[in-house]
Amino acid sequence: MGLSKVLRGAVTASLGLVLTASLQGCSMINLPGLGETTKETSSETSTSEGKSNSDVPFVDKDLILVDYYSELKDKPFRLNSDGTVEGPKETLLYMSKATHWRFENGTLNLCTSQACKYWSAWTISDGEEDPLVKGEPYTLTLKGAKNEQGQPVTRNIVAKQ
């Protein structure tokens, strides 16, 4: 195994541990540098801006984590229109181990149960096209979180067509 694969594996594992620790159970308080959490205010999926879960452009589509393409290319996850998240554990580890989602106040909120008090908050922006995966690219950014290099924590995904 080459040194680059060992280093990539170590970085991937440490990022997964940081996100898992900071978001486990989605009930931890907001700690500086570990990402912003959104307190649940109602069970409604519509927002004060008049947006709802149907405003997320990649609902009910297979989503590929481009950042981890070589390891997860055959393991997509989905945001179902009923507010649930499905996919293999290996993939969901990088997405807050989510089982539920909602769109509120301009953010994609993920959590491990529908009754969570605190949800991880991700902003959605247009991503860059990837030559390996055909589909619509998006970048998700974990609000308030920074990686070890001080950069925002992001996930680049492609919604397969």
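Note that these values count all heavy atoms, side chains included, but never hydrogens, waters or copies made by symmetry.
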TODO: Determine, for Trp119 and Arg102, whether the Lys NZ or Arg CZ falls below 6.0 Å from the six-membered ring centre while staying within 45 degrees of the axis.
DONE: yes

Task: Side-chain donor/acceptor of Ser120 to backbone N/O of Leu110, under 3.5 Å - done: yes

Open item on the list: Distance alone, cut at 3.5 Å: any donor-acceptor contact between the side chains of Thr107 and Asn109?
Closed with: yes

Task: From CG (Leu92) to NZ (Lys97), nearest 0.5 Å - done: 10.5 Å

Open item on the list: Contact between Lys73 and Tyr68 at the side-chain level, heavy atoms closer than 4.5 Å - yes or no?
Closed with: no

Please set out all donor-acceptor pairs under 3.5 angstrom arising from side-chain atoms of residues 57-64, sequence neighbours excluded.
from  : atom 1 : to    : atom 2 : distance (Å)
Asp60 : OD1    : Ser81 : N      : 3.0
Asp60 : OD2    : Ser81 : OG     : 3.3
Asp62 : OD1    : Arg78 : NH1    : 2.8

TODO: Measure the CG-OG1 distance between Asp67 and Thr154 for me, rounded to the nearest 0.5 Å.
DONE: 5.5 Å

Open item on the list: In the structure I gave you, are the side-chain heavy atoms of Glu90 and Glu71 within less than 4.5 Å of one another anywhere?
Closed with: no

Task: From NZ (Lys160) to NZ (Lys134), nearest 0.5 Å - done: 11.5 Å

Open item on the list: Please check if the number of heavy atoms outside Glu129 that lie under 6.0 Å from its CD is greater than 12.
Closed with: no

Open item on the list: Whether the side chain of Trp101 engages the backbone of Asn80 through a donor-acceptor N/O pair (distance < 3.5 Å, no angle test) should be reported.
Closed with: yes

- [ ] Report the distance from atom CE of Met95 to atom CZ of Phe77, rounding to the nearest 0.5 Å.
- [x] 4.5 Å

Task: Thr91: side chain to side chain donor-acceptor pair (under 3.5 Å) partners, not counting sequence neighbours - done: none

- [ ] Look only at the side chain of Asn147 and the backbone of Gln149, and say whether a donor-acceptor pair between them is shorter than 3.5 Å.
- [x] yes

Task: Test applied, side chain to side chain contact (heavy atoms under 4.5 Å, CB included); reference residue, Leu65; option that passes from Val133, Asn156, Val158, Leu72 - done: Leu72

